[in-house]
Chemist: 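Here's a structure for you.
Fair warning: this is a prediction, and the values are worked out from it, not measured in the lab. For the numbers below, each heavy atom of this structure counts, side chains included, while hydrogens, waters and symmetry mates do not. Every chain is numbered from 1, with letters handed out A, B, ... down the list of sequences.
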Number of protein chains: 2
Amino acid sequence: MTETQIKIIEAAEVEFAKNGFNGASIRDITSAAGVNVAAINYHFGNKDDLVREVVRYRIEPINLTRIQLLQDEYAKRKGNAIPLKRVIEIIIRPLFEALMSESCDDFHFMKVMAKGLGEENSVLQSLHDDILKDVISRFSKAIGHSLGTEDPRTIGYCMHLISSSVLGSMMQHKRLKLSSQGTADLEDVEGLIAHVVTFITGGIKAVSVMNR
Amino acid sequence: MTETQIKIIEAAEVEFAKNGFNGASIRDITSAAGVNVAAINYHFGNKDDLVREVVRYRIEPINLTRIQLLQDEYAKRKGNAIPLKRVIEIIIRPLFEALMSESCDDFHFMKVMAKGLGEENSVLQSLHDDILKDVISRFSKAIGHSLGTEDPRTIGYCMHLISSSVLGSMMQHKRLKLSSQGTADLEDVEGLIAHVVTFITGGIKAVSVMNR
DNA sequence: GTTTGATTCAAACAATCGTTTTAAACAGAT
DNA sequence: ATCTGTTTAAAACGATTGTTTGAATCAAAC
């Protein structure tokens, strides 16, 4: 990964977040990155491949962390079920901490991911399956284990509701300050994680009880 | 509202849902609607104004229903607090029933709204505030009432988590079938409403307890 | 039957899109 | 110093974008 490629990826992240994948032009990105227009096609092939690289660049370390934490937790408990809240936290924390870190000071990538996953027939659709398939399968099992169920419909709905909440809260994050009438601090990662984890855990438990 | 305008709005809804606001071109929309390219600019001024009309066309009746149901419920209870689950259902049901009705057979508008709300600096941003301000204010009060709190931070986080879940589940709806390994029926509106309402209610209660 | 105003049409507008091309600049190895 | 392979530069490519134009079409009013 050369210096130019990284400059492009990080500029693309910002531009994609501002205007979406279709809205951000190659010229927007290259001029923001301070490189030539042809650089994207030279280094990444085409725009779609750049999109893929931008996502992969951010999301792969996050998913590796998630899987590692899940394995650690299982090892600690000698394979016994992990409390639901802890599983949810393992899903949420690496994502939010990474995306709200110093390097991307306006949560650009949050919006990039959210928009990408929302676009149908998008280049991200296939990538999403590639990148998330493994992590979804692992956490489906873990959550079923925590809830003491193997009913695929219940687990499926739970996974769906979890990813929906995560996706939504990523997209809506900027609006949190408005919703709370200025009382919520957008930079308060711990506060956000605590609320989202508590919310999802409570919701999942309710759904689990309903389907029992 | 002439016949042509309605044809355009309903075709635009489909095209926007498929490719997003930037992705759907004027020519895509007009040819799908069976009208001339110039019709959009003639009837709506420009593309941005069309976007606004598409959203307003769907969302206003939904919000009127929500407000009516809330008032009815308060009248029935002579102004006493409404159970949280009922408030959540009043938020969810009119939206999901309208958006999953026969007229838009592939939940197009779900995706339109979700994408629109996710776009920053978009034409929907201001519209969102205009259209949703009243309904948000009313339901903030109702939820605070149900939870027995007036803490703006708690209520704000709750509203944020509710809208996040709704937004996310709208965007992810197509993926529900995958998540549940084919066991969830995408057409099962009642099932979806039941799960989402239960999930959100459980989540909000947990957050409320946490902040007590 | 003619006129009027509203609507539709094909065609063209300038601007921008993603991409390609060709040459220049650069590095390190021989 | 010359060659080699990689990276950058400016310019242009055809296609498509949102929008505008001016004539054609239509229904209703007089």
Chemist: Could you tell me the separation between the CD1 atom of A:Ile26 and the C1' atom of C:dT16, rounded to a whole number of Å?
Modeler: 13 Å
Chemist: Does the side chain of A:Ser25 get closer than 4.0 angstrom to OP1 or OP2 of C:dC17 through an N or O atom?
Modeler: yes
Chemist: For B:Phe44 and C:dT7, give me the distance from atom CZ to atom P, rounded to whole Å.
Modeler: 12 Å
Chemist: Any chance you could measure B:Asn41, atom CG, to B:Asp49, atom CG, to the nearest 0.5 Å?
Modeler: 9.5 Å
Chemist: Mind calculating the distance between NZ (B:Lys47) and C1' (C:dA15) to the nearest angstrom?
Modeler: 15 Å
Chemist: In whole Å, I'd like the distance from the CG atom of A:Asp28 to the P atom of C:dT16.
Modeler: 11 Å
Chemist: Using a strict cut-off of less than 4.0 Å between a Lys/Arg side-chain nitrogen and an Asp/Glu carboxylate oxygen, indicate whether A:Arg52 and A:Asp48 qualify as a salt bridge.
Modeler: no
Chemist: For A:Asn36 and D:dT8, what is the distance between atoms CG and C1' respectively, to the nearest whole Å?
Modeler: 6 Å
Chemist: Examine C:dG18: is either OP1 or OP2 under 4.0 Å from a nitrogen or oxygen in the side chain of A:Asn46? Give yes or no.
Modeler: no
Chemist: In whole Å, I'd like the distance from the CZ atom of A:Phe21 to the P atom of C:dG18.
Modeler: 13 Å
Chemist: Within the structure, does a side-chain N or O atom of B:Thr4 lie under 4.0 Å from either OP1 or OP2 of C:dT7?
Modeler: no
Chemist: For residues B:Phe21 and B:Lys47, report the shortest heavy-atom separation together with the two atoms involved.
Modeler: O-NZ, 2.8 Å
Chemist: Report yes if a side-chain nitrogen or oxygen of B:His43 is closer than 4.0 Å to either non-bridging phosphate oxygen (OP1 or OP2) of C:dA6; otherwise report no.
Modeler: no
Chemist: By nearest heavy atom, map B:Arg27 and B:Thr2 onto DNA chain C; which one lands nearer the 5' end?
Modeler: B:Thr2
Chemist: Using a cut-off of 4.0 Å on non-hydrogen atoms, how would the nucleic acid contact of B:Ala38 be classed: base, sugar-phosphate, or nothing?
Modeler: base
Chemist: Could you give the CD-to-P distance, from B:Glu3 to C:dT8, as a whole number of Å?
Modeler: 9 Å
Chemist: Calculate, to the nearest 0.5 Å, the distance between atoms CD1 and CZ belonging to B:Ile91 and B:Phe96 respectively.
Modeler: 11.0 Å
Chemist: Would you kindly give the OH-to-P distance between A:Tyr42 and D:dT8, to the nearest whole Å?
Modeler: 7 Å
Chemist: With B:Ile8 as reference, evaluate B:Thr2, B:Thr30, B:Val35 under the side-chain contact (heavy atoms from CB on, under 4.5 Å) test and give the passing residue.
Modeler: B:Val35
